[in-house]
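Working notes, beginning with the structure itself.
Counting starts at 1 for both ligands and their atoms, following the listed order. Scope of the values below: all heavy atoms of this structure, side chains included, with no hydrogens, waters or symmetry mates.
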Amino acid sequence: MRLKTIEMQGFKSFPEKTRISIDNGVTAIIGPNGSGKSNISDAVRWVLGEMSLKSLRGSRMEDVIFNGAAGRTPSNFCSVSIILDTEEEALESSYDSGDNTDEAENKETKNAKFRLGDSKEVVITRKYYRSGESEYYINKTQVRLKDIYELFYDTGIGREGYSVIGQGKIAEVLSQKGDERRSIFEEAAGISKFRYKKTEAERKLKETENNLVRINDILNEVSSRIGPLEKEAENAKQYLVLSEEKKGLEITLWLEKIDDIKKELEKSEIECNSGKYELERCEELVKKLESKLDSSINEGYELSKMLSETERKKSDAKQKSSGIGSKKAV
Ligand code: ATP
């Protein structure tokens with residue numbers, strides 16, 4: 001793995017976007033005192049996740065943002081990216097190896113899908129805003145700081161890695177104090193990876209312990225409510241039994257009602273049929289009476305015709321007889 005490029009913008013003494021390409025072989029950056037050489041190594045350590053203000057030679061994190069100079073206004077944020085050539089030695093994300101067992105973390109990780117598999121270079125970016133927000137990216141995908149630590153922790157490149165040795169670090173190496181030297185040798189021996197894992201495991205253990213305490217609290221709280229809840233559960237059970245019984249009784253009642261209604265219906269049908277029969281008989285009777293009435297009317301009509309004929313004949317006869325009487329008198 002080889003550091004190919006360092007890009008800085010708004011970082012310490014680099015307000016403009018500055019790109020430093022590092023070719024094969026040895027690259028030296030030369031400049032007078034205070035020209036910003038150490039700021040470049042600070043940028044590399046910073047992008048790898050350095051959080052120690054002392055190592056970054058500042059008193060607060062904001063000090064890494066360009067703070068203005070004669071004729072230049074301060075920047076609002078700073079950004080550093082390093083591009084690593086991984087053609088010869090691939091970097092492996094702990095996610096890819098399925099190392100992560102924490103479910104919540106796995107979920108987060110799925111959101112931050114970055115694939116290192118086929119990529120021939122890895123771009124690590126860190127941004128910091130004056131508002132205090134930090135952003136971390138691996139291959140332009142936003143990740144957590146932890147992801148960057150984990151990406152490098154067995155490579156010797158980490159923020160505490162021996163690969164970046166600043167002016168103060170040389171003093172540490174040469175120091176007689178075992179503790180100061182130990183961390184450097186541990187990183188070199190690859191032990192820091194296990195130390196990191198141990199710290200993580202201890203952190204998770206602590207979290208689990210806290211969770212256990214919380215669970216115990218909840219358990220205590222819940223057990224004090226068990227008595228009344230048992231009574232309520234008993235009531236609920238009884239309610240269920242009784243409501244089932246009520247349902248059965250209601251069904252029986254309805255079935256009986258339906259039976260009664262059916263019987264009523266049958267009775268009404270019989271009555272209706274006999275009514276119909278009566279009605280038919282009456283209708284026939286009415287028809288007969290109507291035809292009788294018709295023939296009586298006809299007879300009456302014939303009789304009145306005959307009567308008027310007889311009347312007419314009677315008056316004719318009267319006239320004739322009076323004619324004959326007058327002739328006799330003459
Ligand atoms: P030396 O050789 O003495 O170690 P150097 O070349 O390594 O010096 P650095 O220590 O990297 O120089 O840079 C120091 C310079 O960076 C100083 O001029 C300082 O003003 C400038 N500087 C540091 N932080 C900021 C900042 N936040 N904003 C603007 N300039 C800054």
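- Short contacts between ligand 1 and Pro32, defined as distances under 4.0 Å to a heavy atom of the residue, involve ligand atoms 6 (O).
- Geometrically, ligand 1 and Val64 share no nitrogen or oxygen pair separated by less than 3.5 Å.
- Residue contacts with ligand 1: Pro74 is excluded, as none of its non-hydrogen atoms falls under 4.0 Å.
- With contacts defined as side-chain heavy-atom distances shorter than 4.5 Å, the pair Ile22/Ile6 qualifies.
- Side-chain contact check for Phe11 versus Thr18: every heavy-atom pair is 4.5 Å or farther apart.
- Between the choices Arg57, Arg72, Lys37, Lys12, the shortest heavy-atom distance to atom 10 (O) of ligand 1 belongs to Arg57.
- Checking only distances, Gly68 never comes within under 3.5 Å of ligand 1, N or O to N or O.
- With a 4.0 Å cut-off on non-hydrogen atoms, Asp63 touches ligand 1 through its backbone and not its side chain.
- Side chains of Phe14 and Ile40 form a contact here, defined as non-hydrogen atoms less than 4.5 Å apart.
- Residue contact annotation: Gly36 has a non-hydrogen atom under 4.0 Å from ligand 1.
- In summary, Glu202 and Lys206 do not engage in a salt bridge, as defined by a charged side-chain N under 4.0 Å from a carboxylate O.
- Counting heavy atoms from C-beta outward, Asn39 and Met8 have side chains that stay 4.5 Å or more apart.
- Geometrically, ligand 1 and Phe66 share no nitrogen or oxygen pair separated by less than 3.5 Å.
- Residue contacts with ligand 1 for Ala69 are absent, since no atom lies close enough (heavy atoms, distance under 4.0 Å).
- A salt bridge is defined here as a Lys NZ or Arg NE, NH1 or NH2 lying under 4.0 Å from an Asp or Glu carboxylate O, and Arg60 with Asp63 meets this definition.
- When the heavy-atom distances from atom 28 (N) of ligand 1 to Asn67, Ile40, Asp42 are ranked, the shortest goes to Asn67.
- Taking a cutoff of 4.0 Å between a charged side-chain nitrogen and a carboxylate oxygen, Lys197 and Glu200 do not qualify as a salt bridge.
- Within ligand 1, counting atoms from 1 as listed, the ones closer than 4.0 Å to a heavy atom of Ser38 are 4 (O), 5 (P), 7 (O), 10 (O), 11 (O).
- Distances from atom 14 (C) of ligand 1 to the heavy atoms of Ile29, Asn39, Ile30 show the closest one on Asn39.
- Under the 4.0 Å criterion applied to side-chain N and carboxylate O atoms, Glu284 and Arg281 are not assigned as salt-bridge partners.
- In this structure a side-chain-to-backbone donor-acceptor pair under 3.5 Å is missing from Arg144 to Tyr136.
- When non-hydrogen atoms are compared, ligand 1 lies under 4.0 Å from the backbone of Ile65 (N, CA, C, O) but not from its side chain.
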